[in-house]
Amino acid sequence: MILIDGKKAAAELREELKKEVTDLKTKYNKVPGLTVILIGDMTPSQIYVRNKEKSANEVGLKSEVIKYPDTVEEEIVLKKIEELNNDDSVSGILVQLPLPKHIDKQKVIEKIIPSKDVDGFHPMNVGNLSSGYESSIPCTPLGCYLLIKKIESNLSGKKAVIVGRSNLNGKPMTQLLLKENCTVTITHSKTKDLKAECLEADIIVAAVGIPELVKGDWVKKDTIVIDVGINKTDNGIVGDVDFDEVSKNAKALTPVPGGVGPMTIACLLKNTIECFKRSQI
Ligand code: GUN
């Protein structure tokens, strides 16, 4: 079984991005900038944002975090986004989710100009991705895709089963694998026989938020299994895949932590650089 080392893959990607930033600096005499808006003091969000900032600095991006208390009015946040949309030194804008209840998430997402939407959540980017046009691609599925490609470069005709239909992961993951000529099945809580679906799969991407849902006898010998889950349990953090069982069967598997997580952040930096490059044309 191949243990897919997301930490190592992310470090390699950051190394490539660092070189690219150096070249861009020589060419344009400026570097891509990422601005993250963090509302409230939810600990996991703070940790994510700190990691994002650290990684952005490491590859040489200009990085800024704007913090608001969780009582901040929606209007203030929308005004700030407008300001950042018009700021040439900002290539990418990310508003860390989840947001406090009184702030309309969709309104915030749609306020970010699509060309700076490093999350790929704006309906314009969602539509472009599903139509096969150039777009920002959500960081987590992009990270999963790059890990899968490391194991298997030609995915044409492979059967992929996505567990979970979220806008954040399941749906964009489907688009990325369709583009690679996979036959994609997207499953969810109302799917009749999840085990039977998974047993058909050459590739499984589990992104459903149910601890250790995917069992050893759900997986064929040659299957690549990508675990997007981060679930807090009494036994610590576990994924959506039963690691001990599935690692005995699968061809390749991502661990949790140390699999998809580090790639998500590296892909955010990649998206920021892509936004910058598109803005220079
Ligand atoms: N919170 C957890 N994951 C994400 C993500 O990918 N983007 C944003 N903006 N917030 C998140």
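Both ligands and their constituent atoms are indexed starting at 1 by order of listing.
A salt bridge is defined here as a Lys NZ or Arg NE, NH1 or NH2 lying under 4.0 Å from an Asp or Glu carboxylate O, and Glu197 with Lys192 fails to meet this definition. The pair Lys159-Asp202 fails the salt-bridge criterion, with no side-chain N (NZ, NE, NH1 or NH2) lying under 4.0 Å from an Asp/Glu carboxylate O. Between Glu152 and Lys251 there is a salt bridge, since a side-chain N of the basic residue sits under 4.0 Å from a carboxylate O of the acidic one.
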Side chains of residues 72-88: which donor-acceptor partners sit under 3.5 Å, not counting sequence neighbours?
residue: Glu74; atom: OE1; partner: Asp104; partner atom: N; Å: 2.8
residue: Glu74; atom: OE2; partner: Lys107; partner atom: NZ; Å: 3.0
residue: Lys80; atom: NZ; partner: Glu83; partner atom: OE2; Å: 3.0
residue: Glu82; atom: OE1; partner: Lys111; partner atom: NZ; Å: 3.0
residue: Glu82; atom: OE2; partner: Asn86; partner atom: ND2; Å: 3.4
residue: Asn85; atom: OD1; partner: Ile113; partner atom: N; Å: 3.1
residue: Asn85; atom: ND2; partner: Lys111; partner atom: O; Å: 2.9
residue: Asn86; atom: ND2; partner: Glu82; partner atom: O; Å: 3.1
residue: Asp87; atom: OD1; partner: Ser89; partner atom: N; Å: 2.9
residue: Asp87; atom: OD1; partner: Ser89; partner atom: OG; Å: 2.8

Please list, one pair per line, the donor and acceptor atoms closer than 3.5 Å that link side chains of residues 5-17 to other protein atoms, with sequence neighbours excluded.
residue: Asp5; atom: OD1; partner: Lys7; partner atom: N; Å: 3.2
residue: Asp5; atom: OD1; partner: Lys8; partner atom: N; Å: 3.1
residue: Glu12; atom: OE1; partner: Lys150; partner atom: NZ; Å: 3.2
residue: Arg14; atom: NE; partner: Glu58; partner atom: OE2; Å: 3.2

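Closer than 4.0 angstrom to ligand 1 sit non-hydrogen atoms from Leu94, Val95, Gln96, Leu97, Asp119, Phe121.
Residues passing the ring-ring contact (aromatic ring centres under 6.0 Å, His included) test with Tyr68, sequence neighbours excluded: none.
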